[in-house]
Amino acid sequence: MHALLVTLLVIVSIALIAVVLLQSGRSAGLSGAITGGAEQLFGKQKARGLDAVFQRVTVVLAVLFFVLSIVLAYAS
């Protein structure tokens, strides 16, 4: 059981890293450095297409990572 949980945690961790690295940057170039985070706070654009899928997958994998970590800590 412990080995299965550790294996699942490693797989989820690698998948989470890969999904985060595949996401496009929010502020690209010099204009993003000048405006800072105001564009994210006040911009009303929703993610569409592949970015929306990556956001949902990231949330699911992050929740799964935390749940597996807590279960693994409790089991050991």
Within one Ile-Leu-Val-Met-Phe-Trp-Tyr cluster: I17 and L50, side-chain cutoff 4.5 Å: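 Not linked; separate clusters.
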V60 with V57, same ILVMFWY side-chain cluster at under 4.5 Å: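 V60 and V57: separate clusters.
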For residues 67-74, tabulate all N or O donor-acceptor pairs below 3.5 Å that involve a side-chain atom, not counting sequence neighbours.
{"from": "S69", "atom 1": "OG", "to": "F65", "atom 2": "O", "distance (Å)": "2.8"}

Side chain to side chain donor-acceptor pair (under 3.5 Å) involving T58 - partner list, sequence neighbours excluded: Q23
Distance-only check: which donor-acceptor pairs under 3.5 Å involve side-chain atoms of residues 5-13, not counting sequence neighbours?
{"from": "T7", "atom 1": "OG1", "to": "A3", "atom 2": "O", "distance (Å)": "2.7"}
{"from": "S13", "atom 1": "OG", "to": "L9", "atom 2": "O", "distance (Å)": "2.6"}

